[in-house]
Amino acid sequence: MVVILYLINTSVRRAWTEEGMIILGKQRIGILGMGTVAKGFCKTYFMNKNEIDNKIDASLDIEKVLVKDIDKKRDVDLPHSVYVDDFNDFNLEELDIIIELIGGVDPAFEYIKKSLESGCHVITANKELMAKRGSELLKIAKNNNVLIRYEASVGGGIPLISTINDALVSNKIVRMMGILNGTTNYILTKMTKERIEFDVALKQAQELGFAEADPTADVDGFDASYKLAILSKDAFGVIPEPEEILKQGIRNISIEDIKYGLELGYKIKLLAIGERNNEHVELSVEPALIPIDHPIASVNNEYNALFIEGNSIGEVMLFGKGAGAMPTGSAVLADVIDVIKKNKDYMGNNNAKNIIVKNIGLSAYYVRMEVLDMPGVLGKIAVAFGDYGISLDSVVQRARGGRFAPLIFITHEIERMKLNDALKTIENKEYVTEIQSIIKVVK
Ligand code: HSE
């Protein structure tokens, strides 16, 4: 092996080999941010330091931490001297690994770019940045012979990215179905178990610290769509623009839908789905009914999971905590250890050069409507569905003893556009008061 040592200080830290750059001995770490995840990273390292140092034959030396307020009291065992409030105080030539935990696109993108160009490996937990500008950063890393890892950006502590890139690399991944947002899963679980409406469950989740004061990113599906975009890159080799992902949140899910869903044998979950056909992938984040006996239906509270179907391995499900200081910190630390140990680009399941993102929207659907409670209405609506070539899987009718009654239909697979056309016609019938819900049904 040809080895050229190119940085010689008191100890040798970086060396070029035929396989790229490797880093040796004591590893000098710079961290951008000292919030929840950064603290979880430090605590996990200090807790497991001896074992980790033995495994990698190196130790981690946290030399610089970028914060807004240097003097703020922090519950982490680092000397005051490591804190700086200006990124220019990071001497990147003297650092080996930069861990970016400030979130958002700006200024994180610039900080990471400069770090990669200065020869530092970068670890990030930043899903928004990786979804929106990840491909640029991966190219910059490649051009500079360094690595960027982002395990903690999806699924917190669950090893999703590394599993797809390493353990499942021998497979063509044909489908992924994930609960990638803990806040919405917590809210839907509460609604299901306690039979409470969305607003009440959201308020409770906020009071308990499970949901943010501004819950938009979570409840409207942005967070899950960023995570799906990142997974799509690794599983399918397709990097979508975040807006290419069909996206719908959970604000409109009502307790009625949850109850009827259960009666029909389904739970409602916010599902991030990626499905690969030969020349395209379909990506969507939307609430969906999933059969109660499907493994993903049993993922409750703030837990996340990813159900993967590979063309050789079959079905695999990864489950765990998708957020929180220690789980996410442990994923960041795993990435740090990975770049120190392996120092290789992920191969990914990137064998899909000509694949494009396309929304076909072929699915079964649950439709709830309110109709006049009089003879023959159910039959007329079934005929109207039939006129559009929509075949029905099941129907529930509940008499309430008043003028109106709810009708619930589950269709067979149909294009969403076709369903919309049929429902437009049905909605205009004099015996239909309102189409109240349309929810995807996943098998
Ligand atoms: N806000 C995210 C969630 C956690 O609720 O799952 C961080 O990705």
Side-chain angles (χ1 to χ4, degrees), residues 32-33 35-41 44 99-105 108 123-132 134 149-162 176-192 198 201-234 242 245 247-251 253 268-273 285-287 296 299-307 318-335:
L32 309 178
T36 311
V37 177
K39 283 181 198 150
F41 161 79
T44 307
I99 303 174
E100 183 275 307
L101 300 170
I102 51 178
V105 175
I123 313 301
T124 177
N126 192 331
K127 64 212 150 190
E128 186 181 358
L129 176 65
M130 286 312 291
K132 291 183 175 167
R149 289 279 200 264
Y150 44 89
E151 180 68 73
S153 64
V154 187
I158 318 171
L160 302 180
I161 308 279
S162 53
M176 299 183 292
M177 197 154 63
I179 292 179
L180 301 179
N181 182 266
T183 305
T184 44
N185 202 35
Y186 181 84
I187 292 171
L188 289 171
T189 304
K190 277 255 162 201
M191 289 173 72
T192 307
F198 170 80
L202 171 62
K203 199 154 171 281
Q204 287 184 9
Q206 285 170 322
E207 280 161 9
L208 290 168
F210 281 112
E212 305 280 342
D214 176 1
T216 311
D218 294 314
V219 302
D220 293 324
F222 291 94
D223 177 82
S225 71
Y226 295 149
K227 292 168 177 169
L228 182 62
I230 297 170
L231 291 178
S232 167
K233 179 193 89 57
D234 291 291
I245 298 179
K247 171 164 49 63
Q248 193 188 315
I250 63 162
R251 284 185 203 268
I253 296 299
I268 297 183
K269 296 284 180 191
L270 182 69
L271 292 184
I273 301 177
V285 171
E286 60 185 313
I296 221 157
V299 177
N300 286 322
N301 298 313
E302 73 276 29
Y303 280 87
N304 286 18
L306 186 69
F307 186 83
L318 297 151
F319 163 89
K321 288 196 173 155
M326 298 302 273
T328 315
S330 94
V332 171
L333 180 55
D335 271 347

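Along the sequence shown, residues carry numbers from 1. Counting convention: from 1, in listed order, for ligands and their atoms alike.
Listed for the E286 side chain is no donor-acceptor partner under 3.5 Å among the backbone atoms of Q248. The backbone N or O of E151 sits less than 3.5 Å from a side-chain atom of D335, completing a donor-acceptor pair.
Ligand 1 is surrounded by K127, N181, G182, T183, D218, D223, K227, A323, each with at least one heavy atom closer than 4.0 Å.
Defined by atom type and a distance below 3.5 Å, a donor-acceptor pair is present between the side-chain atoms of K269 and N300.
Distance check: M130 CE to R149 CZ gives 10.5 Å after rounding to the nearest 0.5 Å.
Judged as a ring pair (Phe, Tyr, Trp, His ring centres under 6.0 Å), and not counting sequence neighbours, F198 has no contacts.
Around the NZ atom of K190, the shell of radius 6.0 Å holds more than 12 heavy atoms that belong to other residues, nucleotides or ligands.
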